[in-house]
Amino acid sequence: MRAIVLTRPHRVELVDDWPEPRPRPGEVVVGMRAVGLCGSDLGVYEGHRAVPELPWVMGHEGGGQIVATGDGVTDRVAGQRVVIEPNYSCFRCRWCREGVTSACAERGVVGMNLPGLLAERVAVPARFTWPVPESTPDTTLACVEPLAVARAAVRRAGVRAGDECLVVGAGSQGLLLCVALLAGDARPYVVEPLEGRLALAERIGAKRIDPGDAHGFPVVFDTAGVPATWQLALRAVAAAGTVVVIGMNGAPVSTSTMDLARRQLVIRGSLIYDHPTDFADTLAAVTGDELDPAQVLQRGVRPDEAADAFAKARAVPGKSWIDLSAWQEDRDG
Ligand SMILES: [Zn+2]
Ligand SMILES: [Zn+2]
């Protein structure tokens, strides 16, 4: 079957001899229709994030249609349209039992320590596929997962309606945070160096703000997580406010305990989402037309344009995604 694989850092190739997945008991096979790209994928693409082997199939944000079911699967059927939840928690550890599956150390992560979604077909544990209405567009399949990440960050921050929030960075996660905040009647302000991304954030309904004017925010989301944005976030947060760190970077950052204690700041890391509630809530919001995450997407690119999409994804405004629907229509036709 066909797949889009990373053969070495910065090199993405389209292959047609990738091994066909076989569903193990409890798994289904999904014919992939849409896969979004995010910063984590780009970390793999650029060679900053190690994967088990090369060539490697990347991608963890997406969905398609079930084409086969393995033994023991009774609650999913072929033909169902599904979104994939790409973090397979163990359900046995202390964190999983407490409902904080995002902290599970045994987590299988699609595209990182398990093969990714940029393939014609993938095998997925049935319980990590979420059926959606037949009418759900492919664009939605590509962005439910990163929207769940954004909504979990908003939930963990305790944002209330009317809160003015600062979003540092308007890459795809920053834009989806704006969508999530606006849906909850909060008021997002965005700091971002690229004009095209700022313009897109404004189109969605966020306001732009100059970094020098950003002060007094009860909640600040740092989607970049680099030393410069950490400093900006600490300057911009109000006393007794919360800084939510979403972007990740290995460089150490600093502050003083005096500043933290005197201003009574809360520093909150936020990683993915917790199974099953965050994904369930996000799907309910999307399929209930509460919000439309597709407004942050660019035009979907064909599989043969994937290499170009990876190369440009760091700089373009809006979220890049690969449209694999032609592969499924070949098969149906
Ligand atoms: Zn992602
Ligand atoms: Zn666990």
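Note that ligands are numbered from 1 as they come in the structure, with each ligand's atoms numbered from 1 the same way.
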message = If we ignore hydrogens and angles and just use 3.5 Å, is the side chain of Asp259 paired with the main-chain N or O of Ser256 as donor and acceptor?
response = no
inquiry  = Under a 3.5 Å threshold, yes or no: a donor from one side chain and an acceptor from the other, between Arg156 and Ser270?
reply    = yes
query = Given a cutoff of under 4.5 Å between side-chain heavy atoms of I, L, V, M, F, W and Y, with clusters grown through shared members, what are the other residues clustered with Val266?
reply = none
key: At the Zn ion (ligand 2): angle between Cys93 atom SG and Cys96 atom SG, to 10 degrees   = 110°
ask   = Hey, does the Lys NZ or Arg CZ of Arg127 hover above the aromatic six-ring of Phe91, less than 6.0 Å from the centre and inside 45° of the axis?
value = yes
Side-chain donor or acceptor of Glu192 paired with backbone N/O of Leu194 under 3.5 Å = yes
ask   = Counting distance only, does the side-chain N/O of Thr282 pair as donor-acceptor with the main-chain N or O of Asp278 below 3.5 Å?
value = yes
key: Polar protein atoms near the Zn ion (ligand 1) [N, O or S; cut-off under 2.8 Å]   = Cys38 SG, His60 NE2, Glu61 OE2
